[in-house]
S.K.: 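One structure follows; several queries about it will come next.
Letters A, B, ... are given to chains in the order of the sequence lines, protein chains preceding strands, and every chain is numbered from 1.
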Amino acid sequence: MVLPSVTRSPVASGEIVFIVVFTPAKRQLASYFMKLSQLIGQRLKEAPRDAQTISHIFLIRGGYCRPVSTGLFSLLPLGTRITAKIAAIIREEMDRIGGQEIKMPVVLPAELWQESGRYDKVGAELLRFKDRNEKPMLLGMTHEEAVVQIARTEITSYKQLPAMLYQVQTKYRDEARPRAGLIRVREFTMKDAYSFHTSQESLEEHYEQEHEAYTRIFKRIGLKNCISILSDSGMIGGAVSHEFMAIADCGEDTIFVSPDGSYKANREIATSKLTYVKEEPKQLQEVHTPNCKTIDELATFLGIDHSQTCKAVFYKGQDGTLVFTCIRGDLEINEAKLKKIIKSPELEFANDAMIEDAGAVPGFASLLNIKPSDKIKIVIDHSAAQSSNLVVGANKLDYHCLNFNYARDVGDDAKANIVVDDIATVREGDPCPVTGEPLKMLKGIEVGNIFQLGTKYSEPMGCKYLDADGKSKTMIMGCYGIGVARSMAAVVEQCHDDYGPIWPITIAPYHVHIVGLNHNQPQVQEACQKLYDDLMADGIEVIYDDRGEKAGFAFADADLIGVPFRITISSKTLANNQVEFKRRDQGKDFTVVALESIKDYVKQAIAADLKTLNEC
RNA sequence: CGGGGCGUGGCUCAGUCUGGCUAGAGCGCUGCGUUCGGGACGCAGAGGCCGGAGGUUCAAAUCCUCUCGCCCCGACCA
């Protein structure tokens, strides 16, 4: 069998050229497996009904992968080759910044996760089970605990730091809703890296290296549009994290970017520089608003814009406390921001009874006459606190109040218990917080992320080293992930035409696709076989369509396999000692090339494409 | 976990409303022949207990009940 390997050319004058190749270990065997007649993985004329997104459709139709169950896929030979190449590029870049590859188990004992406290914190996406001895076990969804266990025993001195360990390993997350083929699955291969440091400065320095390595990786695997954005750092205050987003319509994440690219953020944390109407406060005035329970009904009834109203939204926090929020009527609460502010990972809408307990009237609620209490957390968005003369609920059935002004109408004692912060969801067109230009909204597939963890795991798990001053200190950590098959799917989303994927040379399952037409004729077979052998001998990866199918059939399959360069050999061209050369990314145009020079011709084309993608 | 849709050869689907011949078509697959430059054609084949269980009926892919699975939208997502 052919195994992937990585060759690296000698470093000359600072310029490094990486070439990922599949070295044919045994020529005879290798040639057998690279004939299309023997390739396992049917190309399908029609997409299975399940497949909706481009990458899902083409990866199934092209015979790259097959569904096994919800969110579970087998990779067939083509998909396996591509993901192996992606992984090889990732390994090169990890090694380049000092990474050391390891392999940790997929199955882990629950006790390890109890040490970090995550066993109880993480919900149903963690698959828990018991072994034959009734010992609680789990399937690793990420490996912080496992790697800390290694670090705390193997790294004992500051002299060993900083250090970075990584693996390319299976992860399992019992996702509530897998979707879009390989983009969101339950079991997947992930490159996960972990770094260990003696200081925040060291972590930040390495974090920057990871950022650069990721940028190179995604460029090298051929993503055309992949950006790093600020992301939600979850419950860890102050921690920095970035997500690498492959821009694609089917992406699950919503991203806001400023036109000049200076600001890029996930919707979960995106902010904007909204301006608020400031005018002289007018007198508070009660108004009869029968059955106006929603902002829409209220605005219509009063004949005003949504932005002149203020809405109250009630949640139930993790510990059962009522979370009372206010925001300008035209804006939406961003629950990710709110969770962070009130430090509650869980949030659900409160029921009417809870709202009434707080002294508010559902549908007509506001801050008016609300008494501060330990049981209520009140968070007010800047838009509600700073706008003048808003229409708010009167906390009285069928009544609202005109001209509410937070500064004037809420008592100081109440204000002492109110948090005023940004809890608004950014909308497309809102002013960028940096430049003030209208923000653009994009959809992205999260192909990688990098995270400054700090001591979240090292502290509770006692991951310490002995410092130069002779004192035991806790390591500072970072973690860095890349979804391998998800990256493959993201490439398809960005690199395809109507007929199939257009693989970048760096990750293409093969470099060259030879099609033999009139294949029953001996001279065609001989020419194909000779070119095939010659290219293979030079380390070029070739798939050879030896099936003798009709042209249209063969070409359609070639398009689905998406190999960057196609060479067509037929009795017609052979009569003039010529072959046809075609780039996958250039429609149906082809070049006629002399048979004796095709080998050099295609090798140059491969080298040029490799250079373009690998130079960074 | 809420809402919606779908389960019939490997794939796409018809048949279900209105129960009744031996369960069909196209693609794919096997054999033979004719074709041969963007998914050809003829002939002959292989392959399905209609997701599963129970029920109604002389008779169930079709009607009823219960289940299981899959897809989409939402909630969720270290």
S.K.: Reckon A:Glu335 touches a base, only the sugar-phosphate, or nothing at all at heavy-atom distances under 4.0 Å?
M.R.: sugar-phosphate
S.K.: A:Lys588 has an atom NZ; how far is it from atom P of B:G38, in whole Å?
M.R.: 8 Å
S.K.: Between B:U12, B:G37, B:A78, which one does the side chain of A:Pro48 approach most closely?
M.R.: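 Nucleotide nearest to A:Pro48's side chain: B:U12.
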S.K.: Please classify the nucleic acid contact of A:Leu72 as base, sugar-phosphate, or nothing, using heavy-atom distances under 4.0 Å.
M.R.: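 It contacts nothing in the nucleic acid.
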S.K.: Could you measure between the two P atoms, the one in B:G10 and the one in B:G47, and give it in whole Å?
M.R.: 12 Å
S.K.: Expressed in angstrom and rounded to an integer, what is the separation of A:Arg43 atom CZ from B:G39 atom C1'?
M.R.: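 Rounded to whole Å, this separation is 12 Å.
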S.K.: Let me know the distance between CD of A:Gln42 and P of B:G9, rounded to the nearest Å.
M.R.: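 Spelled out: CD on A:Gln42 to P on B:G9 is 17 Å.
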S.K.: Once you apply a heavy-atom cut-off of 4.0 Å, does A:Glu252 come out as touching a base, just sugar-phosphate, or nothing?
M.R.: nothing
S.K.: Across the strands shown, which category fits A:Gln52 at heavy-atom distances under 4.0 angstrom: base, sugar-phosphate, nothing?
M.R.: sugar-phosphate
S.K.: Just N and O in the side chain of A:Arg49: are any of them under 4.0 Å from OP1 or OP2 of B:C13?
M.R.: yes
S.K.: Using the P atom as the reference point in each nucleotide, state the distance between B:U8 and B:G51 in Å, no decimals.
M.R.: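 To the nearest whole Å, 6 Å.
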S.K.: Tell me whether the centres of the aromatic rings in A:Tyr207 and A:His197 are closer together than 6.0 Å.
M.R.: no
S.K.: Counting heavy atoms from C-beta on, name the nucleotide in B:G38, B:C71, B:A78 closest to the side chain of A:Asp559.
M.R.: B:G38
S.K.: Under a 3.5 Å cut-off for both contacts, is B:A75 paired Watson-Crick or G-U wobble with anything, and if yes, with which nucleotide?
M.R.: none
S.K.: How far does the C1' atom of B:U18 sit from the matching atom of B:G2, given to the nearest Å?
M.R.: 35 Å
S.K.: Which whole number of Å gives the distance between the C1' atom of B:C64 and that of B:C21?
M.R.: 26 Å
S.K.: Under 4.0 Å between any heavy atoms, over every strand shown, what does A:Ser116 touch: base, sugar-phosphate, or nothing? Just pick one.
M.R.: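 The answer is nothing, as A:Ser116 stays clear of every strand by at least 4.0 Å.
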S.K.: Answer yes or no: does a side-chain N or O of A:Thr70 lie under 4.0 Å from OP1 or OP2 of B:G69?
M.R.: no
S.K.: For the side chain of A:Lys550, starting at C-beta, report the closest nucleotide among B:U12, B:U35, B:G38.
M.R.: B:U35
S.K.: Taking CZ from A:Phe553 and C1' from B:G28, how many angstroms apart are they, rounded to a whole number?
M.R.: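 So the CZ-C1' distance, A:Phe553 to B:G28, works out to 8 Å.
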S.K.: In the strands shown, is B:A40 matched to any nucleotide by a Watson-Crick or G-U wobble pair with both distances under 3.5 Å, and which?
M.R.: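 Per the H-bond distance test, B:U34.
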S.K.: With a 3.5 Å limit on both atom pairs, tell me what B:C63 is paired to, counting Watson-Crick and G-U wobble, or say none.
M.R.: B:G55
S.K.: Under a 3.5 Å cutoff, is there a donor and acceptor pairing between the side chains of A:Arg118 and A:Tyr457?
M.R.: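 A pair is found: one side chain offers a donor N or O, the other an acceptor, under 3.5 Å apart.
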S.K.: Determine whether any donor atom in the side chain of A:Arg61 lies under 3.5 Å from an acceptor atom in the base of B:G10, or the reverse, and answer yes or no.
M.R.: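 When only heavy-atom distances are counted, A:Arg61 does not reach the base of B:G10 through any donor-acceptor pair under 3.5 Å.
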S.K.: Do A:Asn518 and B:G37 share a donor-acceptor pair, side chain to base, under 3.5 Å?
M.R.: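 Result: no qualifying N/O pair found.
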S.K.: Keeping the roles fixed (side chain from A:Asn518, backbone from A:Ser571), state whether a donor-acceptor pair exists under 3.5 Å.
M.R.: yes
S.K.: Please classify the nucleic acid contact of A:Arg186 as base, sugar-phosphate, or nothing, using heavy-atom distances under 4.0 Å.
M.R.: nothing
S.K.: Could you tell me the separation between the CZ atom of A:Arg179 and the C1' atom of B:C72, rounded to a whole number of Å?
M.R.: 10 Å
S.K.: Both A:Arg173 and A:Ala180 contact RNA chain B. Which one's nearest nucleotide lies toward the 5' end?
M.R.: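 Here A:Ala180 is the residue nearer the 5' end.
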S.K.: Roughly how many Å apart are B:G33 and B:G37, using the C1' atom of each and rounding to a whole number?
M.R.: 23 Å
S.K.: On a whole-Å scale, what distance lies between the C1' atoms belonging to B:C50 and B:C58?
M.R.: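 The answer is 22 Å between these two C1' atoms.
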S.K.: Using Watson-Crick or G-U wobble geometry with both distances under 3.5 Å, which nucleotide pairs with B:G10?
M.R.: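 Per the H-bond distance test, B:C27.
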S.K.: When you measure from the side chain of A:Gln169 to the backbone of A:Met104, do you find a donor-acceptor pair of N or O atoms at a distance under 3.5 Å?
M.R.: yes
S.K.: Name the pairing partner of B:C70, where a pair is Watson-Crick or G-U wobble with both distances under 3.5 Å, or state none.
M.R.: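 Matched B:C70 with B:G5 under the 3.5 Å cut-off.
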S.K.: Let's see if you can work this out: which of B:G37, B:G26, B:A78 has an atom nearest to the side-chain heavy atoms of A:Ser570?
M.R.: B:G37
S.K.: Counting N and O atoms only, with roles assigned by atom type, does the side chain of A:Arg566 sit under 3.5 Å from a partner on the main chain of A:Ala558, one being a donor and the other an acceptor?
M.R.: no
S.K.: When we call it a touch if two heavy atoms are under 4.0 Å apart, what does A:Ala47 touch: a base, just sugar-phosphate, or nothing?
M.R.: sugar-phosphate
S.K.: Considering heavy-atom distances to RNA chain B, does A:Ser69 or A:Leu44 have its closest nucleotide positioned more toward the 5' end?
M.R.: A:Leu44
S.K.: Which nucleotide wins on minimum distance to the side chain of A:Lys582, given the candidates B:G39, B:G38, B:A78?
M.R.: B:G38
S.K.: Calculate the interatomic distance between A:His519 atom NE2 and B:G37 atom P; express it in whole Å.
M.R.: 16 Å
S.K.: For the P atoms, the ones on B:A61 and on B:G24, what distance do you get once it is rounded to whole angstrom?
M.R.: 13 Å
S.K.: How would you list all residue pairs meeting side-chain hydrogen bond (donor to acceptor under 3.5 Å, both in side chains) that involve residues 490-499 of chain A, not counting sequence neighbours?
M.R.: A:Ser55-A:Glu493, A:Asp497-A:Arg584
S.K.: Whether the side chain of A:Thr455 engages the backbone of A:Ser458 through a donor-acceptor N/O pair (distance < 3.5 Å, no angle test) should be reported.
M.R.: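 Flag not set: sc A:Thr455 to bb A:Ser458 has no pair under 3.5 Å.
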S.K.: Are the aromatic ring centres of A:Tyr480 and A:Tyr214 under 6.0 angstrom apart?
M.R.: no
S.K.: Between the main-chain N or O of A:Leu44 and the side-chain N or O of A:Arg61, is there a donor-acceptor pair closer than 3.5 Å?
M.R.: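 Present.
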S.K.: Identify whether any heavy atom of A:Ala558 sits under 4.0 Å from a base atom; if not, whether one sits that close to sugar-phosphate; answer base, sugar-phosphate or nothing.
M.R.: nothing
S.K.: Starting at atom CD of A:Gln521, determine the distance to atom C1' of B:U35, rounded to an integer number of angstrom.
M.R.: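 Distance check: A:Gln521 CD to B:U35 C1' gives 13 Å.
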S.K.: CZ of A:Arg177 versus C1' of B:A75: gap in Å, rounded?
M.R.: 10 Å
S.K.: What's the gap between B:A59 and B:G19 when it is taken at their C1' atoms, as a whole Å value?
M.R.: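 Looking at atom C1' only, B:A59 and B:G19 are 8 Å apart.
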S.K.: Of all the choices, B:C27, B:U12, B:G37, which nucleotide is nearest to the side chain of A:Lys572 once you look at every atom?
M.R.: B:G37
